[in-house]
Amino acid sequence: MRYNHKTVEEKWQKIWEEKGVFHASNDSEKEKFYALIEFPYPSGQGLHVGHPRPYTALDTVARKRRLQGYNVLYPIGWDAFGLPTENYAIKNHIHPEIVTKQNISRFKKQIQSLGISFDWSREISTTDPEYYKWTQWIFLQLFKKGLAYKKEMNVNWCTSCKCVLANEEVVNGVCERCGSEVIHKVKSQWMLKITAYADRLINDLDLVDYPPRVKAQQKNWIGRSTGAEVDFKATTGDTLTVYTTRCDTLFGATYMVISPEHPLIEKWADKLKNIDEIRAYQLEASKKSDFERTEIAKDKTGIRLDGVEAINPVNDKIIPIFVSDYVLVSYGTGAIMAVPAHDTRDWEFAKKFNLPIIEVVKGGEDVQAEAFTDCDTGVLVNSGFIDGLSVDDAKKKMISWLEENKIGRAKVNYKLRDWVFSRQRYWGEPIPIVHCEKCGFVPIDESELPLKLPMVDSYEPTDTGESPLAKMTDWINTTCPCCGGKAVRETDTMPQWAGSSWYFLRYMDPHNSDALASKEALEYWSPVDWYNGGMEHTTLHLLYSRFWHKFLFDLGVVPTPEPYAKRTSHGMILGENGEKMSKSRGNVVNPDEIVSEYGADTMRLYEMFIGDFEKAAPWSPSSIRGCRKFVERFWNLQTILTDGDNIRPELEASFHKTIKKVGEDIENIKFNTAIAALMSLINDITSFGSISKQELRIFSILLNPFAPHVTEEIWEVCGLGDGIVAEQSWPEYDESKCVDKTIEIAVQVNGRIKTKLNVDAEAGQDEVLALAKADENVKKAIDGMNIIKEIYVKGRIVNIVVKS
RNA sequence: GCGGGCGUGGUGGAAUUGGCAGACACGCAAGAUUUAGGUUCUUGUGCCAAUGGUGUGCAGGUUCAAGUCCUGUCGCCCGCACCA
């Protein structure tokens, strides 16, 4: 019997839509379950087979939870502001709004063909003014609380296009578009003070259920380190403050290094005899990314300041100051004390420039040959009043000494930097601030929101690097909300991250025009119960949205300190060649072809069966047929259907075990083994030769979350009752029926398998060992030997250890 | 470079978390059925000099027992703040 997926899938998708069966209710007695996937960026390429993996996975969970009686919210929307759309618009002279509309409509059609149970009535787009009204509103609150501020920052500047470039647009130090040189240029940018939340972003990880690797990455990204600031004096009398985590090694500081951007260089310009050389070095450094600058493999570069030196405050020794690009202005104070004996980078630099290496922590090998960086075992030497102390004790004593003498202080530092929030681009949310000469930066009145993006003729950034909005004189010229005088609008827009930092709140109440969502909706749905996304979003999106959520929590807008109770992450779908799918590699697979040839159910099953959900998996077209075969074997069960309304005793254990396994595996994101269990069960059934109505009911419900169309159709065709989605509930299993009465035990002698025994599951150690020793092969192996040890691990294994 | 992760048959993967390595599939081989088959069914399938030996990137170690734990090493993947 041939299964026609096309008509069946279209039929059920239509029924679901007409009946609105996946619409979540904001007013329900049922327990709520909020499942969330990262909403897609609707790119011009359309969907590829990587997109449906997380959608199908959480769809499986959502469908199972509905069958278990939950009120499920499973929404989707569009993260539609972004660079590629803007670049496409520039190139093809089409307004980004039109491009976005086309892309969304294509994405939507593709996703809908997969039968995902999204609540389309709650669809949102970050580019919709009714949506970004609230993105702007949140920014205004951040501004009012002093968490949004302006700061001079480095940007990538293409010397030929005369515009700011994203890091991704800089390839090997040149502009991706025109190949011209890219330098760093200083520009005033809007910043968000995420560092104010650094501690809470670390500590509150205890409140949530995230995979350990995600927590570890977030913690390391925030990078809290406790150390000290130490004030060195320069020979000019200026103070040069450094941050160090190893203040115990202060006696071993034999030189200092400042970053090329350090402000003291300008101050000392007339005292520095080699200022020209230093300026040339600064220019070189401005062309490199932080990434290139901190690379250890490369040769260290640097220039010794000629004319200014520093004084080590613990021993008054005069030490040289270098400028080098391995010190970053963005971390700590932009200056370090160098202790080559106990830091690898300092050691390499000292070797290259022939600087003294003084051992101050004993415990390693020869510090002239290699830096000794271990903090746990070393003992201080050559260090005056801290000699003989452990590293930890020496740090404590040094900090109190520094504080007493007012030349240093304990200091907590973070790798996390404040969030650069400005973009000199068109296709983003306008920043709702005006600049008044009298009043400074003034927020526009909330009643003016949304501040809509005006239509412009060209989306090219201006020659000065301002956003295209800067050319809209009638838009930028306005009056100051504060004094009523002349003012100009901010022309920078927000980054794509803005809209995605709070979208999950909007889904709770997507059409609200008075608030980002109603209090009741926020109370009912918060927090997101399960958020799945990619590992690539662990440090940026996930952290940004947790930051915004905490801020909204402090304002009393949202009821929970954390947005997501649970986070899981999926592995990437790679191309057939095992490489990342990309247009340039030409290995992108479009799901449309699969859906059309094999059907959505097969596509869904394959995506879930392809491998461990958390790991990357290469696409393999030949394996898809196996999943199609499984769908057909299921469909053909109707040919061996009998009338019985219960599970027959012979299949009872198989069924109960499978109900248990499939349910647990879905919750544990082990979709591949859940499907394997269903395949095993169908093997049992077909070898048994027939299936009862009740057996088919249970099998269909278990398979329904993975293959919702074919299961619904067989249910109808076989007259099994009211539809699955409409009326059925997830089956229960009986634990006592899941255990086997007899089990097979492997018997080893000295770790080598000699035989296998079938024993009663409840049999004790003595009984099993006696049986084992009675076996011919075992007898042969232990004959004439001394038995040293006999091990029986219940239900698993026997091992007899013998010696001659 | 820094942070996080991965490495198992010809292929995708499984392994009750220290207890029979290779579940379930794909592929391949042989056979049966058939009407044209990229159909369906049955059987076999880690490797080797095959009653045995060997085997989870590589080299060591702990243990009665290691894919799983420890040390070292090699390779690959993700992120690195203006891609999303």
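To find a chain, count down the sequence lines: A is the first, B the second, and so on, and within it residues start at 1. Please read these numbers as outputs of a predicted model, since none were measured by experiment.
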Please tabulate, one pair per line, each protein N/O and nucleotide N/O from nucleotides 74-79 of chain B that are separated by under 3.5 Å, including the distance.
from	atom 1	to	atom 2	distance (Å)
G79(B)	O2'	Thr539(A)	OG1	3.3

Sugar-phosphate only, base, or nothing, as touched by Ile745(A) at under 4.0 Å among non-hydrogen atoms | nothing
Contact class for Asn167(A) (heavy atom, under 4.0 Å): base, sugar-phosphate, or nothing?
-> sugar-phosphate
Is the gap between the ring centers of Trp619(A) and Tyr606(A) under 6.0 Å?
-> yes
Contact class for Glu664(A) vs. all strands (heavy atom < 4.0 Å): base, sugar-phosphate, or nothing?
-> nothing
Would you mind building the protein contact string for nucleotides 23-46 of chain B? One character per nucleotide, 5' to 3', B for base within reach (heavy atoms under 4.0 Å), S for sugar-phosphate only, - for untouched.
-> BBSSS------------S------
Between His570(A) and Asn532(A), do the side chains contain an N or O donor and an N or O acceptor separated by less than 3.5 Å?
-> yes
Give one of base, sugar-phosphate or nothing for Gly751(A), where a contact means two heavy atoms less than 4.0 Å apart.
-> nothing
Once Watson-Crick and G-U wobble pairs under 3.5 Å are found, how is RNA chain B written in dot-bracket notation, 5' to 3', with | for any base paired to another strand?
-> (((((((..(((......[....)))((((((.......))))))(((...)))..(((((..]....))))))))))))....
The nucleotide from C82(B), C20(B), G4(B) with an atom nearest the side chain of Asn156(A) is C82(B)
For RNA chain B, what residues of residues 38-52 of chain A have any heavy atom nearer than 4.0 Å?
-> Tyr41(A)
Do the ring planes of Trp190(A) and Phe139(A) sit parallel (below 30°), tilted (30 to 60°) or perpendicular (above 60°)?
-> perpendicular
Report yes if at least one side-chain N or O of Lys615(A) is closer than 4.0 Å to OP1 or OP2 of G7(B); otherwise report no.
-> yes
Quick one: which of C64(B), G19(B), C82(B) gets closest to the side chain of Lys789(A)?
-> C64(B)
Between the side chains of His537(A) and Glu38(A), is a donor N or O closer than 3.5 angstrom to an acceptor N or O?
-> yes
Side chains of Ser500(A) and Tyr544(A): donor-acceptor distance under 3.5 Å anywhere?
-> no
Give one of base, sugar-phosphate or nothing for Arg213(A), where a contact means two heavy atoms less than 4.0 Å apart.
-> sugar-phosphate
What is the distance from CZ of Arg425(A) to C1' of A84(B), rounded to the nearest Å?
-> 14 Å
Protein-proximity profile, nucleotides 50-57 of chain B, B/S/- by nucleotide at the 4.0 Å heavy-atom cutoff, equals ---SS---
Only distances under 3.5 Å count here; give the side-chain donor-acceptor pairs of residues 743-754 of chain A to other protein atoms, sequence neighbours excluded, each with its distance to 0.1 Å.
from	atom 1	to	atom 2	distance (Å)
Asn750(A)	OD1	Val802(A)	N	2.9
Asn750(A)	ND2	Val802(A)	O	3.3

